[in-house]
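In what follows, a single structure is set out as structure tokens and then discussed.
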Amino acid sequence: MDHGERRERLGELAPDLLDELDSEDEEDEQVLSDLPNVDNYDEVRMRAAPNPNGPWHIGHARMPAVIGTYKEMYDGSFIVRFDDTDPETKRPDLDAYDAILDDIDYLGFEPDDVLRASDRLDIYYDHARELIENGGAYTCSCTGEAFSELKNSGEPCPHRDKDPETTMTEFEALVDGEYSSGEMVLRVKTDIEHKNPALRDFVAFRVIDTPHPREEAEKYRLWPMLDFQSGIDDHLTGVTHIIRGIDLQDSAKRQQFVYDYFDWEYPEVVHWGHVQIDEYGVKMSTSTIKQLIAEGELDGWDDPRAPTIKSLRRRGIRGEAIVESMVGLGTSTSNVDLAMSTVYANNRELIDDDAPRYFLVRDGVELPLSGGPDAGHPPIHPDHEERGNRTIPAGDAVLVEPSDVPQSGERVWLKGYGCVRYEDDALEYVGDDIDVVRNEGVDVIHWAPAEENVSVTMRTTEGDVAGRAEPDFGDATVDDAVQFERVGFVRVDSQDDDEAVTYFSHD
RNA sequence: GCUCGGUUGGUGUAGUCCGGCCAAUCAUCUUGGCCUUUCGAGCCGAGGACAGGGGUUCAAAUCCCCUACCGAGCACCA
């Protein structure tokens, strides 16, 4: 029995099962693996916890793409929580908060709530106090080096046995700003002999002398470390599923100690590996990009050479295409490479059907033309005759790309116009019988009028390219995705009289 | 050094928990053909993978052990 026969048979025997089979088929669309233990929760709730130190690079799209997709799969929710708890070494960039939310919006997702950790210091302090009362934390004035040495040999530091009252007093002094950076920290008491040294008595709070850039938070000096802050917030905001990188593999184990003190249930965790993106010479890290912009190597976050979401956006890559590509990577713990060709393939599928066609001649060579009709009329879209045809006036001369100039005596087909022969440095019309293309191997090329055309700058990942487009390209409006035939898809970035700027999307 | 994790075609992924219907899925990629006045799309076809070695088993991508390679943590970064 082949598939069809089996279906038919099943339909006779058990129509119910067939319905079930069909609905399963529809859900074959599911691209991500199931989240663990979803049934144990009323609602799947997730969070993205970006550090607002700049707009997002492409890799950052993975988090909203994945949790946004899970949100749709499970009818769940997700929040964005800015983990901006280091005013110094990971100093937040005030513009980045909105830039990141804007990027998430571009990807097509809307967070159910947006929080800033720097608004929540008092909450963290309160939980620290409770932890201290429970004997789960102690103030420690060891230098990092000294503590590390003790810790690595599994020995407690002298401050570990402090009574909670002393710790509490010292903690309040920390909160009140009576210590400077480096003098005192609050540690969570875990297991100083834990076989994994990474889990032994980690720092929960430290003093940072540099004020936070946000006005609302500039008064604070005592800042929680990620593992403490994030652990508290995940619980308080009802997060049921945490998705994070393998660099945070030990976080859950550390935070588990805190959760145990509070008698909380730890959320489900999924770890994924790092993403690398091919095709970019520029290193993909926010700080590197920031530096290149500062040095003038890149024009800005949306420079076509920058590996950022803002750049892809300006290049006309739809958020949906980025999301599909990211979701396609799945959530495996091994590191993955994302090929930009996948993103481009996804985007092409989204824009191809709508993109009108135009000719753009790069580095045009001007060739006199004689003997033919006044104009060429190629279709606006080859699959949609109803959209009509363009009009490209031929005039007395046309532009063609240098590599398209035929050998002397040879013919070439100017698309939408007809066949011409190249002789004595000029083109002469020789007819409109398409059979020469079909049977005689005449090449079809694109062209533009030498007189009446639109000057176009096409910005690409490799630099700017100058060209001339056919006059009808003037009909394209800013933000349109169009295809320059034989060149590739571009997004129209600006359009003034006879001057246009386009950003190259992909071929 | 201590600890934790990973390795399926060029790339990514499904399958691994609960061994058999996996001579391994899907996409991208490369490629042949059809169609086409380009590119793309579409249609038909092709290419290409279970890191290596042992073991358990009637049966292993799947379980166990070893090796190799890759990665992560051991921060007063996130």
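Each chain gets a letter, A, B and so on, in the order the sequences are listed, and its residues count up from 1.
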Thr190(A) side chain to Leu199(A) main-chain N or O, any donor-acceptor pair under 3.5 Å? yes

Are the side chain of Arg160(A) and the backbone of Pro156(A) linked by a donor-acceptor contact shorter than 3.5 Å? no

If we take the C1' atom in both G12(B) and G6(B), what is their distance in whole Å? 16 Å

Between C21(B) and G15(B), how many Å separate the two C1' atoms, rounded to a whole number? 13 Å

Considering only the C1' atoms, how many Å lie between G52(B) and U25(B), rounded to the nearest integer? 25 Å

Does a side-chain N or O from Ser33(A) land closer than 4.0 Å to OP1 or OP2 of A14(B), or not? yes

Determine, step by step, whether Tyr138(A) and His159(A) satisfy the ring-ring contact (aromatic ring centres under 6.0 Å, His included) criterion, reporting the C-alpha distance in whole Å, the side-chain angles of both residues, the deciding distance to 0.1 Å, and the verdict. CA-CA 7 Å; Tyr138(A) 59 95; His159(A) 313 104; 7.5 Å; no

Take the protein atom CG of Asn37(A) and the nucleotide atom C1' of C17(B), then report the distance between them rounded to whole Å. 12 Å

Rounded to whole Å, please give me the gap between CG in Asp337(A) and P in U8(B). 11 Å

Distance between P atoms of U3(B) and U67(B) (Å, rounded): 14 Å

Once you round it to whole Å, what is the distance between P of U36(B) and CG of Asp435(A)? 11 Å

State whether Glu485(A) and Arg357(A) are salt-bridged, where the test is any N-O pair (Lys NZ or Arg NE/NH1/NH2 against Asp/Glu carboxylate O) under 4.0 Å. no

P-based separation of A23(B) from A60(B) [nearest Å]: 10 Å

With rounding to whole Å, what would you report as the distance between G9(B) and A61(B) at their C1' atoms? 14 Å

Starting at atom CD of Gln276(A), determine the distance to atom P of G6(B), rounded to an integer number of angstrom. 20 Å

May I have the distance from Leu32(A) (atom CG) to G12(B) (atom C1'), rounded to whole angstrom? 13 Å

Here's one to test your reading of the geometry: is the NZ or CZ of Arg244(A) within 45 degrees of the ring axis of Trp272(A) and under 6.0 Å from its centre? no

With a 3.5 Å cut-off and no angle check, do the side chains of Tyr266(A) and Asp234(A) form a donor-acceptor pair? no

Rounded to the nearest Å, what distance is computed from the CG atom of residue Asp34(A) to the P atom of nucleotide C17(B)? 16 Å

Reckon Ser230(A) touches a base, only the sugar-phosphate, or nothing at all at heavy-atom distances under 4.0 Å? nothing

Under a plain distance cut-off of 3.5 Å, with no hydrogens placed, do His446(A) and Arg486(A) share a side-chain donor-acceptor pair? yes

C1'-based separation of U16(B) from A49(B) [nearest Å]: 16 Å

Using 30° and 60° as the class boundaries, would you call the ring planes of Phe205(A) and Tyr125(A) parallel, tilted or perpendicular? tilted

When Watson-Crick pairs (N1 to N3 and N6-O4 or O6-N4) and G-U wobble pairs (N1-O2 and O6-N3) count only below 3.5 Å on both distances, what is the dot-bracket string of RNA chain B, with | for other-strand pairs? (((((((..(((.......[.....)))((((((.......))))))...(((((..]....))))))))))))....

What's the gap between U56(B) and G45(B) when it is taken at their C1' atoms, as a whole Å value? 42 Å

Any donor-acceptor pair under 3.5 Å linking the side chain of Tyr259(A) with the backbone of Gly231(A)? yes

Is it the case that the ring center of Tyr429(A) lies less than 6.0 angstrom away from the ring center of Tyr417(A)? yes

What does the B/S/- profile of nucleotides 37-51 of chain B look like, 5' to 3', with a 4.0 Å heavy-atom cutoff to protein? BBBBS----------

To the nearest 0.5 Å, atom OG of Ser181(A) lies from atom CZ of Arg221(A) at 11.0 Å

Which letter, B, S or -, goes with each nucleotide of nucleotides 65-78 of chain B from 5' to 3', with contact meaning a protein heavy atom under 4.0 Å? ------BSBBSBBB

Can you tell me how the ring of Phe359(A) sits relative to the ring of Trp447(A), calling it parallel under 30°, perpendicular over 60° and tilted otherwise? tilted

